[in-house]
K.L.:
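This is the structure, below, for whatever I ask next.
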Protein chains: 2
Amino acid sequence: MGKRHVSLKDLAKELNVSISTVSRALKDHPDISNALRTKIKKLAAERNYSPNPLAMGLLKQATRMIGIIVPDLVSHFYSSIISGIESVAADKGYFVVIANSNERYEKEKESIENLLKARVEGLIVCMSCETSDTAHFRQLVQKGIPLVMFDRVCLPNLIPAVVADNAEASQKIIQHFYDRGYRRIAYVSGPEQMNISQERLLGYRAGLKACSLEPDPALVEFCDLSFESAKAAMKRLLQLANPPDAVYGINDTVAFGLMNAIKEAGLRIPEDTGVVGFTDEFHSTVVSPPLTSITHPTFEMGQKTAELFFKHLNSDVPPETIVLKTQLIERLSSSK
Amino acid sequence: MGKRHVSLKDLAKELNVSISTVSRALKDHPDISNALRTKIKKLAAERNYSPNPLAMGLLKQATRMIGIIVPDLVSHFYSSIISGIESVAADKGYFVVIANSNERYEKEKESIENLLKARVEGLIVCMSCETSDTAHFRQLVQKGIPLVMFDRVCLPNLIPAVVADNAEASQKIIQHFYDRGYRRIAYVSGPEQMNISQERLLGYRAGLKACSLEPDPALVEFCDLSFESAKAAMKRLLQLANPPDAVYGINDTVAFGLMNAIKEAGLRIPEDTGVVGFTDEFHSTVVSPPLTSITHPTFEMGQKTAELFFKHLNSDVPPETIVLKTQLIERLSSSK
DNA sequence: TCAATTCATGCAAAGCTTTGCGGAAAGCTT
DNA sequence: AAGCTTTCCGCAAAGCTTTGCATGAATTGA
């Protein structure tokens with residue numbers, strides 16, 4: 001039950017030289033003679049030496065860890081984005097530590113605390129849908145802690161961010177519905193305080209206007225982003241005196257909830273009700289009928305977010321917001 | 001742009017006492033007088049002191065990090081298990097660091113290296129489907145590094161593990177098909193070296209026998225677990241002179257691939273071909289028709305795995321394998 | 001042969017925390 | 001008043017690495 005890792009000290013003792021000599025030899029410092037250098041390097045390789053990151057962290061005040069806070073770990077959207085972040089971070093020799101806010105404001109604040117206590121070098125955050133007070137983020141900026149947000153963002157003048165072009169995507173959806181002959185188009189949004197809810201609502205309205213459709217407030221519903229609440233929202237829409245013939249859900253889970261309610265009501269998709277989602281490739285091909293949707297380039301969004309993070313970690317550039325273009329993939333759920 | 005975190009030293013200097021006094025006061029050591037203790041605690045709270053985990057790690061040789069290696073970050077199965085692990089780890093004050101083997105043997109070995117270099121205290125692993133050589137795991141055990149596996153496991157006498165009762169689940173599926181009137185039941189497995197492939201195959205055969213059905217080797221297909229390869233496997237099955245009237249896929253992605261191929265062939269589910277998956281709740285309700293499946297209790301599996309990990313981290317108990325019971329949830333895809 | 005370089009290596013501090021041990025001051029007893 | 005016990009606190013080491021400065025030896029030039 002010996003020590004698990006060899007240290008410079010161990011190597012030094014074995015070769016009867018000082019720790020600093022070993023350290024220098026290993027990093028090709030010119031002060032060390034060739035003979036000794038090769039001898040030290042050989043032993044280090046044999047013993048499988050690797051520098052202790054704790055010691056390095058202490059010395060350099062850098063842990064090479066970056067904290068991620070997501071509202072939910074399980075859905076494809078976030079795991080895919082995390083995957084994208086992780087791939088870039090790994091390239092730079094960074095680890096990611098993931099915390100889950102579970103869509104709760106309190107948990108989000110707590111996660112920030114914990115990650116800072118763990119000495120992450122900075123944070124990448126997607127806000128919980130409950131969060132409307134942004135003081136905790138402003139504080140991070142004030143303390144000079146690197147922070148980048150994605151998808152659900154706030155304080156764009158203070159905090160670098162990566163988002164989808166939400167308004168434009170919404171408009172494309174409305175236009176698409178219109179082209180397919182749908183005329184009463186509903187939108188099931190998330191909580192009002194979320195930037196994505198707002199932006200997509202603006203796009204929705206702009207889209208209606210562009211198609212010369214009369215906006216009807218009754219066709220805009222809100223839900224808490226859960227499958228069940230989306231289903232309930234759809235049920236309310238279907239009970240309207242003049243129900244929609246098409247509906248657009250703010251994300252994948254919501255779209256599935258909508259489809260479920262429509263089917264349970266005995267209506268056909270896309271004949272009676274068209275559906276479009278804001279979602280990622282995989283799911284949409286699995287549901288039936290295949291779901292027309294905006295492809296959110298999730299993996300890429302993760303990569304871009306990580307790149308932006310590293311940019312701001314190393315230099316003091318002003319915050320920028322990267323807007324990713326989306327694409328509408330037409331499938332069966334919206335082709336009357 | 002001062003230091004980001006206050007240290008004991010900072011507090012000590014401010015109060016003109018020694019570092020050790022501050023340290024002791026903060027942990028209620030009896031040697032410190034009441035008056036001084038409260039004064040120190042007050043300042044610590046004000047300054048938002050939290051002990052530096054790097055220093056602690058160095059001192060205690062414990063990083064409170066646990067490494068997880070999964071074959072894939074994006075699928076619901078793994079993200080849900082990770083979520084379960086994380087919830088238990090967080091309770092114990094541990095962080096999880098996640099590495100993705102991408103179903104590749106080489107990447108798996110590399111991830112082990114990297115996580116050890118990062119000084120995780122132990123590893124939780126689900127093997128890549130490529131992995132058949134288990135020397136790298138045996139090495140970990142020899143080095144005394146805590147290791148627990150889940151779902152796809154190996155060396156059960158050496159390595160503690162959490163698995164589903166695969167054989168029994170398979171049998172239940174066959175029995176279920178039989179009860180619904182299906183008679184030519186196919187099984188689309190994963191790579192042969194995987195324990196889950198083997199165990200479920202055994203259960204499949206036992207199930208056929210219990211139902212007095214003749215096993216037909218042509219009805220067992222293998223795939224690499226991807227949607228596409230599952231689809232290809234199903235196409236091969238459908239081209240048989242005597243194609244199956246029911247098929248069982250080794251996991252969710254595979255089952256979706258099967259359904260896709262069946263639909264493309266113009267066959268109806270469940271009338272022409274019954275389908276059962278080995279999957280998790282959410283997806284199965286979203287596809288059409290809803291997929292009958294074995295519920296893999298993923299979140300719980302993650303929790304149990306983490307609990308087992310901590311058990312073995314702290315004491316030297318012999319390896320045990322925890323077998324989780326599964327449940328067959330009947331939905332439309334298998335009810336002729 | 002002595003002084004002046006050059007070359008190779010070691011010392012020690014810093015980064016932060018815990019903890020055994022020793023020390024000083026105060027209070028008590030006789 | 002001297003000695004003893006409490007009570008309270010600081011020193012220093014360990015855990016690991018990097019790096020400026022110092023030291024020692026060896027080599028060169030005069």
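Residue numbering restarts at 1 for every chain, and letters A, B, ... go by the order of the sequence lines.
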K.L.:
Hey, do the aromatic rings of B:Y49 and B:H5 have their centres closer than 6.0 Å?
P.N.:
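Not close enough - the centres of the two rings lie 6.0 Å or further apart.
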K.L.:
Which residue lies toward the 5' end of DNA chain C, B:D31 or B:Y49, if each is placed at its nearest nucleotide?
P.N.:
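The 5'-side residue here is B:Y49.
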K.L.:
Just how far, in rounded Å, is C1' of D:dG15 from CD1 of A:I19?
P.N.:
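After rounding, the gap between these two atoms is 11 Å.
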K.L.:
For the side chain of A:R24 and the base of D:dG20, is some donor closer than 3.5 Å to an acceptor across the two?
P.N.:
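Checked by distance alone, the answer is yes.
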K.L.:
Specify the separation, in whole Å, of atom NZ of A:K60 and atom C1' of D:dT18.
P.N.:
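So the NZ-C1' distance, A:K60 to D:dT18, works out to 6 Å.
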K.L.:
Just how far, in rounded Å, is P of D:dT17 from CD of B:Q61?
P.N.:
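One finds 10 Å between P of D:dT17 and CD of B:Q61, rounded.
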K.L.:
For B:H29 and D:dT7, give me the distance from atom NE2 to atom P, rounded to whole Å.
P.N.:
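So the two atoms are 13 Å apart, to the nearest Å.
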K.L.:
Would B:D31 and B:R37 pass as an ion pair if we require N to O under 4.0 Å?
P.N.:
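A salt bridge is absent here (no side-chain N lies under 4.0 Å from a carboxylate O).
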K.L.:
Is the count of non-hydrogen atoms from other residues, nucleotides or ligands lying under 6.0 Å from B:N314 atom CG greater than 12?
P.N.:
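Atom CG in B:N314 is packed in, count exceeds 12.
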K.L.:
Heavy atoms under 4.0 Å, any strand shown: does A:S33 hit a base, just sugar-phosphate, or nothing?
P.N.:
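Sugar-phosphate only.
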K.L.:
Who does C:dG20 pair with, Watson-Crick or G-U, both distances under 3.5 Å?
P.N.:
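Per the H-bond distance test, D:dC11.
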K.L.:
Classify B:L59 by what it touches in the nucleic acid, base, sugar-phosphate, or nothing, heavy-atom distance under 4.0 Å.
P.N.:
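Contact class for B:L59: base.
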K.L.:
May I have the distance from A:R37 (atom CZ) to C:dC7 (atom C1'), rounded to whole angstrom?
P.N.:
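Going from CZ in A:R37 over to C1' in C:dC7 covers 13 Å.
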K.L.:
Expressed as a whole number of angstroms, how long is the span from B:K13:NZ to D:dC9:P?
P.N.:
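Roughly 20 Å, once rounded to whole Å.
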K.L.:
In this structure, how many angstroms lie between the P atom of C:dT19 and the CG atom of B:L26, rounded?
P.N.:
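Between P of C:dT19 and CG of B:L26: 13 Å.
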K.L.:
Using a heavy-atom cut-off of under 4.0 Å over every strand shown, decide if B:L54 touches base, sugar-phosphate, or nothing.
P.N.:
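Nothing, no heavy atom under 4.0 Å.
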K.L.:
Indicate, with a heavy-atom threshold strictly under 4.0 Å, whether B:S23 touches base, sugar-phosphate, or nothing.
P.N.:
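Base, at least one base atom sits under 4.0 Å.
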K.L.:
Looking at B:K42 and B:E46, is there a salt bridge between them, counting it only when a charged N and a carboxylate O are closer than 4.0 Å?
P.N.:
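Looking at B:E46 and B:K42, the cut-off is met.
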K.L.:
Does any N or O donor sit under 3.5 Å from an N or O acceptor when you compare the side chain of A:S18 with the base of C:dC11?
P.N.:
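Check fails, no donor-acceptor contact within cut-off.
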